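In this text, all values refer to a predicted model and were calculated from it rather than measured experimentally.
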Amino acid sequence: MAKMKIALFGGTFDPIHIGHTIVADAACESIGAEKVVFIPAKRSPLKHLFPHASDEDRYAMTALAVSDNEKSAVSDYELKKSQPSYTLETVRYFQGHYGSNASLHWLVGADGVDDLPHWYGIVELLDECNLSVMYRGGFERPDFAKFVGLWGGERLAKLERNVIKTPLIETSSTEIRSRIAAGQSIKNMVAPKVAEYIREHGLYRSSQAR
Ligand code: ATP
């Protein structure tokens, strides 16, 4: 029997924007996944120095952004932990949750490729799930050739097979925070319900919010 495919999408989502939701939908379709689970990451304590949104607000905005999409869900698994979670721990948790008949795809944007060698337990992660790198507007197409010495040809081939040619969207959370702090419009950059939440809660207004 074919395995059930589930896509997991971790991020700070500070705030979640249309780049996130459009590529997640495209990735879900390309993989043939049952659904995409958005997993907001707990922020490292140092980042609280800046007036970004709280864990609760980021979770609420993510839930609003996916509320009309039956193929998307949001999980507070990482937010409930006392410390930021390693992706490997999160993947193992979801593998246990969905069972051995589920094949998990961890989504990451092309801007994250150069960081991969620094991820905790990256080799185990490459072996235990499908790390699926998505195209991102404004960033190079993913190229793993430089990692061959680190991970070997088989892992590289798996990474390359799992690349998803998602639509190129240049929106970033940084740009959205800057625009709000500068009093500029974020229309069409976030879902209307997310824009309303940001407005109602007065998020990102400080000029340090970048
Ligand atoms: P920031 O500007 O604060 O760094 P961000 O816009 O990159 O934030 P994150 O929440 O850090 O958003 O991203 C979560 C995941 O989504 C990462 O894997 C990132 O590469 C990916 N991602 C974010 N924006 C896009 C986009 N426009 N296209 C493709 N992938 C994206």
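- Under the 4.5 Å side-chain heavy-atom criterion for Ile, Leu, Val, Met, Phe, Trp and Tyr, Leu131 and Phe94 are members of the same hydrophobic cluster.
- Look at Glu70 and Lys35 and you find no salt bridge, because none of the NZ, NE, NH1 or NH2 atoms lies under 4.0 Å from a carboxylate O.
- Heavy atoms only, all atoms of each residue included: Tyr98 and Ala102 are closest at CB-CB, 3.5 Å.
- Between Phe147 and Trp151, the ring planes are tilted. Angles from 30° to 60° get that label.
- Here Lys193 pairs with Asp68 in a salt bridge; the nearest charged N to carboxylate O distance falls below 4.0 Å.
- Arg199 and Arg205 get closest at one heavy-atom pair: O-NH2, 3.4 Å.
- There is a side-chain donor-acceptor pair under 3.5 Å between His52 and Arg177.
- Salt bridge present: Asp127 and Arg155 bring a charged side-chain N and a carboxylate O closer than 4.0 Å.
- The local environment of CD in Glu29 is sparse, with at most 12 non-hydrogen atoms from other residues, nucleotides or ligands closer than 6.0 Å.
- Under a hydrophobic clustering in which Ile, Leu, Val, Met, Phe, Trp and Tyr are joined whenever their side-chain heavy atoms come within less than 4.5 Å, directly or via other members, Ile39 and Phe9 fall into different clusters.
- Under a cut-off of 6.0 angstrom, the local environment of CD in Gln184 is crowded, with over 12 non-hydrogen atoms contributed by other residues, nucleotides or ligands.
- Without hydrogens or angle criteria, Asn130 side chain to Ser132 main chain gives no donor-acceptor distance under 3.5 Å.
- Using cut-offs of 30° and 60° for the angle between ring planes, the Tyr77 and Tyr93 rings count as parallel.
- Of all the heavy atoms in Gln95 and Ser100, the pair that sits closest is NE2-CA, 4.2 Å.
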